[in-house]
Peer 1: 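Here it is, the structure in full.
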Amino acid sequence: ATLISVMLREAGIHAQPVLINADDRRGSEDLTLPMVNHFNHCIAYVPPGGGREELFLDGTAQFHGFRDVPSMDRGATVLVVGEEKASIQKVPWNTPAELSVTEEATVTIHPDLGADLQIRAKAAGDYAVYVRQQFEIETQRRTQLEKMYGRRFASSSVKEETFSNLLDLDEPVSFSASIAVPRFVVEAPEGLSLRAAEDFFGTAQSLGALGSLEKRTQDVLLGSPRSSSLRTVYILPEGFKVKSLPPAHDLQSRFGRLKVAYEEEGPRKIVAHRLIEVSSPRVSVADYAEFRELAASVGRLVDEKIVLERS
């Protein structure tokens, strides 16, 4: 942080060191007493000026663009160290759109109950950072993808993958993959079953787990606001038709939103839309019941299934 501040001053841009407690799950911060152990990290602050908004720059965030503040710095109460005096400031929280994944999947089902998946995804914020970090080595990308999707679909294999330029931190992150799944449809007592789709980062599973307890004695720390938009198109083979679709959901609260819709676009095409949004970083004990309704609804998505039958 000191080096960044000095280098920016050489370029004519005023910058100051910032003492901060970096934490992905941020609790209440009371800096009333002057104690060194309030802080565990140092970043830099650039005041607004010349038509530019204020900037918080973290020199350790090697996979972030300069405008992307790491989630561990978001929402922190910090000490900005000036030349003559210090001041207490707040690092602003991000919007859900600034930490988001937008994903589209096309699932072409075969008569033998296998499927080909075409995945296209765009990531922003720390989701983009994760992709840059995990897939930095180009020759290992297919292996990494097969490990990740292999946990969801047994014996699946990646046939093709493409990524945006992950070395350019100013370029938005996107990727696509073609995946073969030998056994995608499950034969169940109610019919041929397709489990609910999930995005690349497992948003529904992670959020649903936060509402698993009936009561809380402490506040729930949700982390940075975030968003997941998932559109899945299912193409059925000849001789298959829809027996039943899961119900639609549209639930909004102070802490986020869940919206799910299924529709048949023709005799052999199903389109599913899902939006999950977390809009608050924290849930108080008093508000937990309201949040739990949202989290539980998200958690139940994993049990919802599209049911097919042979015509």
Peer 1: Is there a chain of hydrophobic side chains (I, L, V, M, F, W, Y, each step under 4.5 Å between heavy atoms) that links Val18 to Trp93?
Peer 2: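 As far as the 4.5 Å side-chain criterion goes, Trp93 and Val18 are not connected within one cluster.
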
Peer 1: Around atom CD of Glu190, are there more than 12 heavy atoms from other residues, nucleotides or ligands closer than 6.0 Å?
Peer 2: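 Above 12, so yes.
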
Peer 1: Can you confirm if the NZ or CZ of Arg268 lies within 45° of the ring axis of Phe240 and under 6.0 Å from the centre of its six-membered ring?
Peer 2: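 Checked: cation-pi criterion not met.
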
Peer 1: Would you find a donor on one side and an acceptor on the other, under 3.5 Å apart, between the side chain of Arg226 and the backbone of Val101?
Peer 2: no

Peer 1: If you define the side chain from C-beta out and look only at heavy atoms, does anything of Arg195 sit under 4.5 Å from Val186?
Peer 2: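 Not in contact.
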
Peer 1: Decide yes or no on side chain to side chain contact (heavy atoms under 4.5 Å, CB included) for Ile270 and Leu245, but give the supporting numbers first.
Peer 2: CA-CA 9 Å; Ile270 306 167; Leu245 294 175; 4.0 Å; yes

Peer 1: Would you tell me whether Asp126 and Ser71 have side-chain atoms, one donor and one acceptor, within less than 3.5 Å of each other?
Peer 2: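 Side-chain D/A pair, Asp126 to Ser71: present.
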
Peer 1: Output yes when a side-chain donor or acceptor of Ser280 lies under 3.5 Å from a complementary backbone atom of Arg282, and no otherwise.
Peer 2: yes

Peer 1: Using the rule that Ile, Leu, Val, Met, Phe, Trp and Tyr join whenever any side-chain heavy atoms are under 4.5 Å apart, tell me whether Val298 and Val220 fall into a single cluster.
Peer 2: yes

Peer 1: Taking atom CG of Leu145 and atom CD of Gln134, what is their separation to the nearest 0.5 Å?
Peer 2: 10.5 Å

Peer 1: Do Phe63 and Leu99 belong together in a cluster built from hydrophobic side chains that touch within less than 4.5 Å?
Peer 2: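 No, separate clusters.
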
Peer 1: Can you tell me which residue pairs pass the salt bridge (charged side-chain N to carboxylate O under 4.0 Å, His left out) test with a partner in residues 145-168, sequence neighbours excluded?
Peer 2: Arg142-Glu161

Peer 1: For Asp250 and Arg257: C-alpha separation, side-chain torsions, deciding distance, then whether salt bridge (Lys or Arg N to Asp or Glu O under 4.0 Å) applies.
Peer 2: CA-CA 8 Å; Asp250 194 352; Arg257 185 179 186 187; 3.2 Å; yes

Peer 1: Please report the interatomic distance CZ(Phe184) to OG(Ser193), rounded to the nearest 0.5 Å.
Peer 2: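 Those atoms lie 9.5 Å apart.
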
Peer 1: Any donor-acceptor pair under 3.5 Å linking the side chain of Glu171 with the backbone of Asn165?
Peer 2: yes

Peer 1: Is there a donor-acceptor pair under 3.5 Å between the side chain of Ser228 and the backbone N or O of Asp199?
Peer 2: no

Peer 1: Any donor-acceptor pair under 3.5 Å linking the side chain of Glu198 with the backbone of Ala204?
Peer 2: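 Yes, the answer is positive, given that a donor and an acceptor are paired below the 3.5 Å cut-off.
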
Peer 1: Among His41, His38, Glu29, which one satisfies side-chain contact (heavy atoms from CB on, under 4.5 Å) with Ile20?
Peer 2: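 When His41, His38, Glu29 are each tested with Ile20, the side-chain contact (heavy atoms from CB on, under 4.5 Å) holds only for His41.
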
Peer 1: Any heavy-atom pair between the side chains of Phe175 and Thr162 that's under 4.5 Å?
Peer 2: no

Peer 1: Can you establish whether the number of heavy atoms outside Glu53 located under 6.0 Å from its atom CD is more than 12?
Peer 2: no

Peer 1: For the backbone of Ser224 and the side chain of Arg74, can you confirm whether one donor and one acceptor N or O come within less than 3.5 Å of each other?
Peer 2: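 No: the side chain of Arg74 does not pair with the backbone of Ser224.
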
Peer 1: Could you check whether any side-chain N or O of Asp24 sits under 3.5 Å from a backbone N or O of Met72, counting only pairs where one atom can act as donor and the other as acceptor?
Peer 2: yes

Peer 1: Counting C-beta onward and ignoring hydrogens, is there a side-chain heavy-atom pair between Ile235 and Val233 closer than 4.5 Å?
Peer 2: yes

Peer 1: Is there a side-chain contact between Thr102 and Tyr127, using heavy atoms and a 4.5 Å cut-off?
Peer 2: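 When only atoms from C-beta onward are counted, Tyr127 and Thr102 do not touch, as no gap falls below 4.5 Å.
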
Peer 1: More than 12 heavy atoms of other residues, nucleotides or ligands under 6.0 Å from CD of Glu263: yes or no?
Peer 2: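 Yes, enclosed.
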
Peer 1: Does Val271 belong to the same Ile/Leu/Val/Met/Phe/Trp/Tyr cluster as Tyr262, with side-chain heavy atoms less than 4.5 Å apart forming each link?
Peer 2: no

Peer 1: Could you check whether any side-chain heavy atom of Leu113 comes within less than 4.5 Å of a side-chain heavy atom of Leu308, counting everything from C-beta outward?
Peer 2: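 No, side chains not in contact.
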
Peer 1: Has the side chain of Arg26 got a donor or acceptor atom that lies under 3.5 Å from a matching backbone atom of Asn21?
Peer 2: yes

Peer 1: For residues Glu304 and His249, is any side-chain donor paired with an opposing acceptor at under 3.5 Å?
Peer 2: yes

Peer 1: Is it true that Leu230 and Ile119 fall in one hydrophobic cluster, defined by side-chain heavy atoms closer than 4.5 Å?
Peer 2: no

Peer 1: Atom CD1 in Ile43, atom CG in Leu55: separation rounded to 0.5 Å?
Peer 2: 11.0 Å

Peer 1: Report the C-alpha distance between Glu103 and Arg231 in whole Å, list the side-chain angles of each, state the deciding distance to 0.1 Å, and finish with yes or no for salt bridge (Lys or Arg N to Asp or Glu O under 4.0 Å).
Peer 2: CA-CA 6 Å; Glu103 188 171 334; Arg231 180 179 185 266; over 6 Å; no

Peer 1: Within the structure provided, determine whether Leu31 and Ile88 are in side-chain contact (heavy-atom separation under 4.5 Å).
Peer 2: yes

Peer 1: I'd like to know if the side chain of Arg274 reaches the main chain of Ser229, judged simply by a donor and an acceptor atom lying under 3.5 Å from each other, with no hydrogens or angles considered.
Peer 2: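 Pair absent, no side-chain N/O of Arg274 close to backbone of Ser229.
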
Peer 1: Please check this pair: side chain of Ser156 against backbone of Val181, looking for a donor-acceptor N/O pair closer than 3.5 Å.
Peer 2: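 Not a single qualifying donor-acceptor pair exists.
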
Peer 1: Assess the side chains of Asp116 and Thr108: does a donor N or O sit below 3.5 Å from an acceptor N or O?
Peer 2: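 No donor-acceptor contact under 3.5 Å links the two side chains.
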
Peer 1: Can you list the residues that meet the ring-ring contact (aromatic ring centres under 6.0 Å, His included) rule with Tyr288, with sequence neighbours excluded?
Peer 2: none

Peer 1: Kindly indicate whether the side chain of Val129, heavy atoms from C-beta on, has any atom under 4.5 Å from the side chain of Asp68.
Peer 2: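 Val129 vs Asp68: side chains apart.
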
Peer 1: Could you check if a side-chain atom of Pro96 sits within less than 4.5 angstrom of a side-chain atom of Pro225, using non-hydrogen atoms only?
Peer 2: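 A side-chain contact exists here, since the closest heavy-atom pair is under 4.5 Å.
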
